[in-house]
2 protein chains.
Amino acid sequence: MNTRKIKILGTGKYLPKKVVYSSEIDHKLGLPEGWTQKKSGVSHRHYVETESTSEMGANAAREAVRDAGLKLEDIDCIVSASGTSEQPIPCTAALIKIKLEMGNSNIPCFDINSTCLSFVTALDLISFLVHQRKYNKVLIISSEIASPGLNWKQKESCILFGDGAAAVVVGRSEDHEQSEITSSLTETYVEGASYTEIRGGGTRLPATMFNGTNLEEYLFNMNGRAIFKLSSKVINRFMDRLFESTPFSRQDIHMVIPHQASGLALRIMRQKLGYTDEKFMNIISTHGNVIAASIPMALHESIKQNKIQRGDKLLLLGTSAGLSLGGMALVY
Amino acid sequence: MNTRKIKILGTGKYLPKKVVYSSEIDHKLGLPEGWTQKKSGVSHRHYVETESTSEMGANAAREAVRDAGLKLEDIDCIVSASGTSEQPIPCTAALIKIKLEMGNSNIPCFDINSTCLSFVTALDLISFLVHQRKYNKVLIISSEIASPGLNWKQKESCILFGDGAAAVVVGRSEDHEQSEITSSLTETYVEGASYTEIRGGGTRLPATMFNGTNLEEYLFNMNGRAIFKLSSKVINRFMDRLFESTPFSRQDIHMVIPHQASGLALRIMRQKLGYTDEKFMNIISTHGNVIAASIPMALHESIKQNKIQRGDKLLLLGTSAGLSLGGMALVY
C-alpha cells in the first residue's frame, strides 16, 4: 500500500489564441470535408503563433495557484512535466519560473519526461515527497507545443494534436481530509518503443544534422494501429494490477480522466474498460491531443464543469511512447 | 528531517573507446600546446564514434547491477537521469531497456532532466519511493553524449566536455544498516538561466529550423565567469541550509563527490568550502565534464579506488543550468 495524503489544491489551463478547425485541415491536406473531424474526433484544436512553452506554462500556473487560494510565494517547487521542452538547456521549469517573475525565489526547478504520461509520472513521484513533507506546495506544469513537430504527410497522426498548457498545485491533505493518492502503477512495454517516435533532435541524430531532405526524421511518427493492438492486449491486466493495491474497485470510480489520445482511442478504451460516457472525461473534440497536458487539462475541465466533487474517486489513466501505461487512483 | 533508508547497492560506468587528448584539441583549434589542458584541467576525455546513448547507458547499467550482486530481473524501475536524450520520443530510459534486452519486462521507464544535476535530482526523488517501498531496486542511469553539441568557436567551453555513462542501483537499506540519505537540497536561481544554454532544438527554435547559418543557436553556450560569480555568491549559504537539517556537519564529510564542471571550478569550489584535496573527488583530468554522468561516475571511481567505505559520510554537490545548486548528504 502506497497511500499518500495528497490533495489537488488548484488547477489551471491555457490555450493558444489561434483556433484551428478540422475543416481547415481537410482543406490544407486536400481531404474531403469532414474527414479530419471524423477520423480524429477533434472539432478544433489550438496552435501557438507567438506563445512560448514557458509563457503558456506560466499562464496555466498562475491560474492554478489562484484557484488554490495561494500566492506564488507559497510554492516551494516547480516541475515541468512535458513531452516537449522549450530549449534543450536549461530545463523548462526554470524558464517557466522566469515567466512567473519569481526571480527572487530560489525554489528548485526540474523537468520530468515520460512523453504523454509526464504529468502522471511527475504527480506520482512528487506525491511521495509532499507526503513526507519534503515540499509543501508543488506546481506541476505540462506545457506542450506539438504543432511544429507534426508530419503533414502522415494524416492519421497530424490531425490529432493541439498545443496548450495545464497546471496543478498539490499539497498535503489535512488529517481530517479524505483527499489522497491511493495507488499508482506504470508499466513500459518496449516492444512498442518504435510505435511512437521522433527520431531526430537528440544524440542519435542531432538537430545540426537536419538538412531538409531528412525532414521526416525530425517529425512525429506514429503507428496508431500497433499502439492500439498492444495497449488493448495489456490494458485489462494492467488495471487488475493497479486495483490490486487499491481499497476500492474499478466500478467505484466516479470519473476516469484519460489521456486524450484520439476520439477513437477514447471510445474503444472506455468500452473495453466498461465505463459509461458520463464517467469517462472527454475533451478531445475541443482541444485535440495536447500530449502530457491532456490529463491535467481534462482534470481541470472536469472540476470546472462540476463533474467531480471533493471525495470523488478518480482514475488518471493513459498511454505514452515507450510504450508505457500509467494509472493512478485517487480521492479528489 | 527527511532521512531515507537508502543504500547505493552497486555502480558502473562506460567510456567510449575513442580517447581525445588535450593536445589534439590544441592542434584542432590552433592553440599553443598545453593551453587546453591548462585551461580545462582535462588531460583527455572520450568522444563517441559509434556508441549510442542507450548502448553506453546499458553497459554502465549492466556493470552496476553485477556490482550490486543482482540480476536485471531484480530491477523494478529504470530512470534515465541525463541532460541529453537519444531521441525526443520515446524517453531514453525505454531505449536503454531495449539495449538491456529486457523486452519481456514491464517495469516502468522514464526520464528526469535537470541538466548536470539530473542524477542528484533523480536519486533524491526516487529515494522517497524506495524508502516507502514503492520500488525495491531502481537503476538510475546518466548517459551523456556532449560532443556533437560543442561550439568549437567557444574555446572556453568546448575543451571541458567528454562523453560517457554511469549507473547506480539503489535499494532500501536493512534496519541494521546505517546507509541512508540524510538530507538534500536543490535551489534554482533563474537570474542565471541564460548563463548555460542550448537555445535551439526545442519548441522555441525547432530542429527543423536549422539551416547552417544559425548553427550557434543549436550549440552549447556557456558564460563561465557569470556562473562562477553567481555560484560563489550563493554556495556557502546553500551549504548552511543543506546542513541545517543534517545530523552531522560539513566538517564530518569523508568525501565530497562534486560535479566535475572544470578543473578550475573544482579547485575554487573546494577552497571556498574548505575541504582538502583528499576529501574532494576529482576525476576531471581523465574524463572531462560528462554532464549529469559526472557525479555518479566520480562516485563509482571513489568506490572502486577504495577512497570511501561503507558508513562514510558523503556529500554529492553540483551546479547545473538554471542556474541550480544541488546537494545531498548521505551515509554510504
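Every chain is numbered from 1, with letters handed out A, B, ... down the list of sequences. Just so it is clear, the model here is predicted, and its values are computed rather than measured.
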Let's test your reading of the structure: which of [options] forms the most heavy-atom pairs below 4.5 Å with chain B?
options: A/Asn211, A/Ile98, A/Asp111, A/Leu205; result: A/Asp111
options: A/Cys91, A/Ser114, A/Ser85; result: A/Ser85
options: A/Ala207, A/Ser147, A/Pro206; result: A/Ala207
options: A/Glu191, A/Arg4, A/Lys97, A/Arg133; result: A/Lys97
options: A/Asn104, A/Asn214, A/Thr92, A/Val190; result: A/Val190

Next item on the list: Starting at CZ of A/Phe210, measure out to CZ of B/Phe210 and round the result to the nearest 0.5 Å.
Entry: 9.5 Å
I'd like to know which of [options] tops the heavy-atom pair count under 4.5 Å against chain A.
options: B/Ile112, B/Leu125, B/Asn221; value: B/Leu125
options: B/Gly149, B/Ser127, B/Pro108, B/Gly326; value: B/Pro108
options: B/Ala122, B/Gly103, B/Ala193; value: B/Ala193
options: B/Val79, B/Leu129, B/Thr196, B/Asp124; value: B/Leu129
options: B/Glu187, B/Glu217, B/Met102; value: B/Glu187
options: B/Gly83, B/Ser184, B/Ala93; value: B/Ser184

Check: Is a side-chain donor-acceptor pair under 3.5 Å present for B/Thr84 with A/Thr203?
Finding: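 No, no side-chain donor-acceptor pair sits under 3.5 Å.
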Looking at [X] and [Y], what are the two nearest heavy atoms and their distance?
X: B/Ile198; Y: A/Pro88; value: O-CD, 3.0 Å
X: B/Asn2; Y: A/Lys134; value: OD1-CA, 3.4 Å
X: A/Leu215; Y: B/Thr208; value: CD1-CG2, 3.6 Å
X: A/Cys109; Y: B/Ser324; value: O-OG, 4.3 Å
X: B/Gln132; Y: A/Gln132; value: NE2-NE2, 2.7 Å
X: A/Pro90; Y: B/Thr115; value: CA-CG2, 4.4 Å

[X], part contacting chain B, at a heavy-atom distance under 4.5 Å:
X: A/Ser105; value: backbone
X: A/Phe220; value: side chain
X: A/Arg241; value: side chain
X: A/Leu219; value: side chain
X: A/Ile107; value: backbone

Note to self: Less than 4.5 Å to any heavy atom of chain A: does that hold for the side chain of B/Ile126, its backbone, both, or neither?
What the structure shows: side chain
Item checked: Residue part contacting chain A, namely of B/Leu117, when any heavy atom lies under 4.5 Å -> neither
Notebook entry, point to check: side chain to side chain contact (heavy atoms under 4.5 Å, CB included) between B/Thr188 and A/Ile78: does it pass, once the steps are laid out?
Noted result: CA-CA 10 Å; B/Thr188 302; A/Ile78 300 177; over 6 Å; no
Note to self: Do A/Asn106 and B/Val234 have side chains that approach each other closer than 4.5 Å (heavy atoms only, starting at C-beta)?
What the structure shows: no
